[in-house]
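The figures here come from the full heavy-atom set of this structure, side chains too, leaving out hydrogens, waters and symmetry mates. Note on naming: letters A, B, ... go to the chains in the order of the sequence lines (proteins, then strands), and numbering restarts at 1 for each one.
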2 protein chains.
Amino acid sequence: MSHPEPVVPPHPAQDITEHVGYRLKRSAAALRGAMDKALRGHGLTVPQYACLELLDERPGLSNADLARGAFVTRQSMNVVLRGLQDAGLIRRPATTEHGRALPAHLTDEGSRRLAGARSAVYAIERRMVEAIPPRRLAALLADLDRMADALGDESGNDG
Amino acid sequence: MSHPEPVVPPHPAQDITEHVGYRLKRSAAALRGAMDKALRGHGLTVPQYACLELLDERPGLSNADLARGAFVTRQSMNVVLRGLQDAGLIRRPATTEHGRALPAHLTDEGSRRLAGARSAVYAIERRMVEAIPPRRLAALLADLDRMADALGDESGNDG
DNA sequence: CCGGGTATGTCAAACTTCTGACATGTCACA
DNA sequence: TGTGACATGTCAGAAGTTTGACATACCCGG
């Protein structure tokens with residue numbers, strides 16, 4: 001009747017909210033919500049902002065590169081890129097000489113918009129960081145990374 | 001030309017991947033991907049599983065309660081509930097005496113499906129937990145919670 | 001008794017993202 | 001040379017999620 005294996009929990013927990021997965025989801029949802037709200041005033045969505053930020057740091061990334069960096073599929077990122085391109089925030093060559101990847105770059109307008117949005121996003125990040133003991137920040141970053149690595153990190157994206 | 005405010009970052013970082021927000025997103029994406037894959041074999045989506053888990057712990061939760069617990073809108077959860085109801089995994093009264101909220105309950109079949117899916121999800125959670133030093137687990141959970149609280153946690157859901 | 005305020009369930013439309021598929025381009029290697 | 005493996009960009013359709021709106025139902029204070 002009952003399951004043969006006793007279903008041993010990953011760690012002692014009174015209820016679901018004690019699970020790492022639940023907390024992770026909660027924090028990520030809170031972050032997403034805060035960013036959505038903050039970016040709306042700048043006329044950007046979260047994936048759009050992520051895309052601009054990536055391109056600012058490493059100009060010339062391809063659609064596939066950006067998709068990996070933003071944890072979405074190539075197809076989704078392609079939609080985002082078209083939007084940014086139509087808005088004049090990035091530019092992409094129509095063709096390329098060597099491969100198939102089209103390197104994207106921020107336009108001046110894109111840089112300006114990013115600068116404005118960045119301060120809003122950084123304010124959010126600062127709120128998060130200030131909420132945790134400074135001594136634990138490095139460990140937190142490391143543990144988040146370890147967890148992602150442990151799950152393969154292929155993110156299930158693309159196929 | 002350049003921005004008047006120097007845009008002070010929340011904490012020293014060489015590149016974007018050092019930011020808490022990025023790591024959080026990465027871990028959450030990895031978890032989501034792993035759960036998606038694991039649950040597919042059980043014929044459940046992540047929101048469906050979350051819903052069943054919540055109902056197992058606290059039978060009688062309403063659609064709105066479940067939406068809050070799963071960090072989605074009422075409307076999204078409503079779709080999920082209909083799916084689970086059609087699949088015979090939960091039941092909900094058509095009407096109620098006192099309020100407007102309709103209390104949902106797992107069916108026997110729902111409990112069975114949950115038990116099966118749970119072991120798959122717990123295996124994922126165990127992989128995550130085992131990737132971090134045991135001594136830091138409690139601190140990690142606390143810090144994730146602190147961050148969510150710091151962002152208001154209203155998640156931006158509903159309106 | 002009645003009013004605003006709040007919470008809930010639900011409908012409809014728009015948007016976002018994913019799955020599946022295909023053509024193109026490069027590279028390693030026989 | 002050419003062939004298989006792999007990565008990229010893109011199209012089309014499906015699925016999931018959100019925004020916006022509305023009616024209903026309780027609660028509290030006048």
query: Taking only residues two or more places apart in sequence or in another chain, which ones pass side chain to side chain contact (heavy atoms under 4.5 Å, CB included) with A/Arg127?
result: A/Ile124, B/Leu151
query: Whole-Å distance between C/dT17 P and A/Phe71 CZ?
result: 14 Å
query: Who passes side-chain hydrogen bond (donor to acceptor under 3.5 Å, both in side chains) against A/Asp145, sequence neighbours left out?
result: B/Arg26
message: Reading DNA chain D from 5' onward, which residue's closest nucleotide shows up sooner: B/Thr45 or A/Leu102?
response: A/Leu102
task: Could I get the full list of side chain to side chain contact (heavy atoms under 4.5 Å, CB included) partners for A/Arg146, not counting sequence neighbours?
output: A/Ala142, A/Asp143, B/Ala131, B/Ile132, B/Pro133, B/Arg136
- prompt: How close or far is atom P of D/dT18 from atom CG of A/Asp36, stated in whole angstroms?
  reply: 10 Å
task: Figure out the CZ/P separation between B/Arg100 and D/dC27, and round it to whole Å.
output: 15 Å
statement: Residues at least two apart in sequence or cross-chain that pass side-chain hydrogen bond (donor to acceptor under 3.5 Å, both in side chains) with B/Thr107, listed by chain then number, are none
message: If you only use heavy atoms from C-beta on, which nucleotide in D/dT19, C/dT8, C/dA21 is closest to the side chain of A/Arg74?
response: C/dA21
query: A/Ser76 side chain: which of D/dT17, D/dA25, C/dC18 is closest?
result: C/dC18
message: Do A/Arg92 and A/Pro103 have side chains that approach each other closer than 4.5 Å (heavy atoms only, starting at C-beta)?
response: no
message: If the cut-off is 4.0 Å, is B/Arg68 near the phosphate of C/dT8, judged by side-chain N/O to OP1 or OP2?
response: yes
query: B/Asn78 CG to C/dG9 P: how many Å, rounded?
result: 8 Å
Atom pair distance, as rounded to whole Å: CG in A/Leu61 and C1' in D/dA7: 15 Å
field: Counterpart residues, salt bridge (charged side-chain N to carboxylate O under 4.0 Å, His left out), relative to B/Asp36 (two or more places apart)
entry: B/Arg32
Close approaches to DNA chain C from residues 79-97 of chain B, in residue order (heavy atom, under 4.0 Å): B/Arg82, B/Arg92
- prompt: Can you tell me how far P of C/dA23 sits from CD of A/Gln75, to the nearest Å?
  reply: 16 Å
Rounded interatomic separation in angstrom, taking CG from A/Leu66 and C1' from D/dT10: 16 Å
query: Which whole-number value in Å describes the distance from B/Arg32 CZ to C/dT16 P?
result: 18 Å
- line: Of B/Ala64 and B/Arg40, the one whose nearest nucleotide on DNA chain C sits closer to the 5' end is B/Ala64
task: For residues B/Leu102 and B/Ser62, determine if any side-chain heavy atom of one lies less than 4.5 Å from a side-chain heavy atom of the other.
output: no
